[in-house]
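Before any comments, here is the structure.
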Amino acid sequence: MKKTILVLGGAGYIGSNTAYLLNQRGYEIIIIDKLIYKQKFDHDFAKLIVGDFADTNLLESVFEKYKIDAVMHFAAFIEVGVSVTNPAEFYDNNVVKTIKFLDTMIKHGVKNFIFSSSCAVYGNPVKVPIDEAHPYAPISPYGKNKLIVEYVLQDYAQAYDLKYISLRYFNAAGADPKNNLGEQHIPETHIIPLLLRAIKNKKTFKIFGDDYNTPDGTCIRDYIHVKDLALAHLLAFEYLIKEKKSQVFNLGTGHGYSVKELITAAEKEAGQEANIEVFARRAGDVDTLIADNKKIKSILNWEPSYSNLENIIHSALEWENR
Ligand SMILES: NC(=O)c1ccc[n+]([C@@H]2O[C@H](COP(=O)([O-])OP(=O)(O)OC[C@H]3O[C@@H](n4cnc5c(N)ncnc54)[C@H](O)[C@@H]3O)[C@@H](O)[C@H]2O)c1
């Protein structure tokens with residue numbers, strides 16, 4: 001019998017790309033998503049149930065109707081800045097609701113859980129590349145949300161025989177325009193879509209700080225193509241089913257690009273120059289965030305194959321121009 005995976009937030013950017021791949025690999029997919037961006041989801045690779053992932057009545061009916069083999073939890077509020085000004089909403093959606101969901105899931109005997117965590121759990125790195133043993137020092141409520149859920153998962157694993165994998169993503173990027181899958185955040189805060197839109201609309205693109213301790217002075221981040229992220233979820237699920245062992249993995253390419261390198265690549269791809277203006281640094285931005293990904297490579301045999309910069313920008317531009 002086909003295994004069934006419940007994907008919370010599967011109508012979002014990373015969740016939809018992952019759900020697509022899982023379905024391609026022969027799994028049955030059920031999505032719960034409340035479409036917070038009023039985004040369109042007209043795909044046939046999953047059954048979409050529109051609703052809140054902590055709605056107990058809804059969950060009861062889902063767990064009674066379907067035999068769920070694992071849950072992947074992508075549903076969250078993601079804007080770091082808003083988490084600072086409105087932490088209550090973030091703690092409610094990202095922490096309280098997750099605990100409520102876990103309780104219902106465990107009550108129904110579902111024991112496999114894959115969680116979308118973030119490199120934000122590390123805060124300002126004291127060492128780069130960042131491995132999983134790096135100290136935790138989240139600087140935003142968003143990062144704290146992710147870390148709290150990880151602690152909850154540790155305790156639940158011990159007490160309730162839950163098996164989980166927490167994937168600490170670095171910067172998700174790129175799209176799969178051929179399958180109509182990409183980011184639809186409102187407002188968009190991610191640098192690549194913002195840069196591509198600025199070039200296309202001949203608007204100014206703001207660089208926040210060019211005096212960082214990096215070769216060209218701009219911040220360096222580890223951009224991972226969303227299709228490589230999706231593959232890591234597939235491998236994580238198969239590992240959980242086979243090995244029945246909880247794990248925490250960093251999920252990045254191990255290579256960083258600066259803001260100026262992104263701009264050069266985007267200008268080349270768009271065939272047009274960007275209008276750049278340099279502003280002061282933003283609070284909370286750090287020089288460099290790069291993953292040490294040895295652990296996920298050795299345990300899950302994960303290898304990124306889409307994450308070169310050209311590929312990321314090319315697919316993101318195609319998605320923007322759709
Ligand atoms: N995008 C990144 O670079 C990045 C980096 C690190 C971690 N993450 C994490 O990965 C996950 C997915 O990120 P994304 O970029 O795909 O985000 P996204 O906003 O595109 O997708 C999240 C989805 O969750 C849904 N959702 C939110 N709250 C819900 C609720 N209470 N009930 C039902 N549905 C709800 C939204 O409607 C949305 O479709 C998030 O948990 C995010 O924190 C993302």
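When a ligand or atom number is given, it counts from 1 through the structure's own listing order.
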List of N/O pairs, ligand 1 versus protein, all under 3.5 Å?
| unit_1 | atom_1 | unit_2 | atom_2 | d |
| --- | --- | --- | --- | --- |
| ligand 1 | 3 (O) | A172 | N | 3.0 |
| ligand 1 | 15 (O) | H185 | NE2 | 3.2 |
| ligand 1 | 16 (O) | Y13 | N | 3.3 |
| ligand 1 | 16 (O) | I14 | N | 2.8 |
| ligand 1 | 19 (O) | Y37 | OH | 2.5 |
| ligand 1 | 20 (O) | Y13 | N | 2.9 |
| ligand 1 | 20 (O) | H185 | NE2 | 2.9 |
| ligand 1 | 28 (N) | N93 | ND2 | 3.1 |
| ligand 1 | 31 (N) | D52 | OD1 | 3.4 |
| ligand 1 | 31 (N) | D52 | OD2 | 3.3 |
| ligand 1 | 31 (N) | N93 | OD1 | 2.7 |
| ligand 1 | 32 (N) | F53 | N | 3.1 |
| ligand 1 | 34 (N) | K34 | N | 3.1 |
| ligand 1 | 37 (O) | D33 | OD1 | 2.6 |
| ligand 1 | 37 (O) | L35 | N | 3.4 |
| ligand 1 | 37 (O) | I36 | N | 2.9 |
| ligand 1 | 39 (O) | G12 | N | 3.2 |
| ligand 1 | 39 (O) | D33 | OD1 | 3.2 |
| ligand 1 | 39 (O) | D33 | OD2 | 2.7 |
| ligand 1 | 39 (O) | Q39 | NE2 | 2.8 |
| ligand 1 | 41 (O) | F74 | O | 3.0 |
| ligand 1 | 41 (O) | K146 | NZ | 2.9 |
| ligand 1 | 43 (O) | Y142 | OH | 2.6 |
| ligand 1 | 43 (O) | K146 | NZ | 2.9 |

Show me the side-chain donor-acceptor pairs of residues 44-52 shorter than 3.5 Å, one per line, residues at least two apart or across chains.
| unit_1 | atom_1 | unit_2 | atom_2 | d |
| --- | --- | --- | --- | --- |
| D52 | OD1 | A54 | N | 2.9 |
| D52 | OD2 | K34 | NZ | 2.8 |
| D52 | OD2 | K97 | NZ | 2.7 |

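If you run side-chain contact (heavy atoms from CB on, under 4.5 Å) between Y122 and each of L147, V128, I130, only I130 comes through.
The distance from atom CZ of R168 to atom NZ of K295, rounded to the nearest 0.5 Å, is 8.0 Å.
Y66 and H108 have their aromatic ring centers separated by at least 6.0 angstrom. The aromatic ring centres of Y223 and H255 sit 6.0 Å or more apart.
Side-chain N or O atoms of K202 include none that pairs as donor or acceptor with a backbone N or O of I199 at under 3.5 Å.
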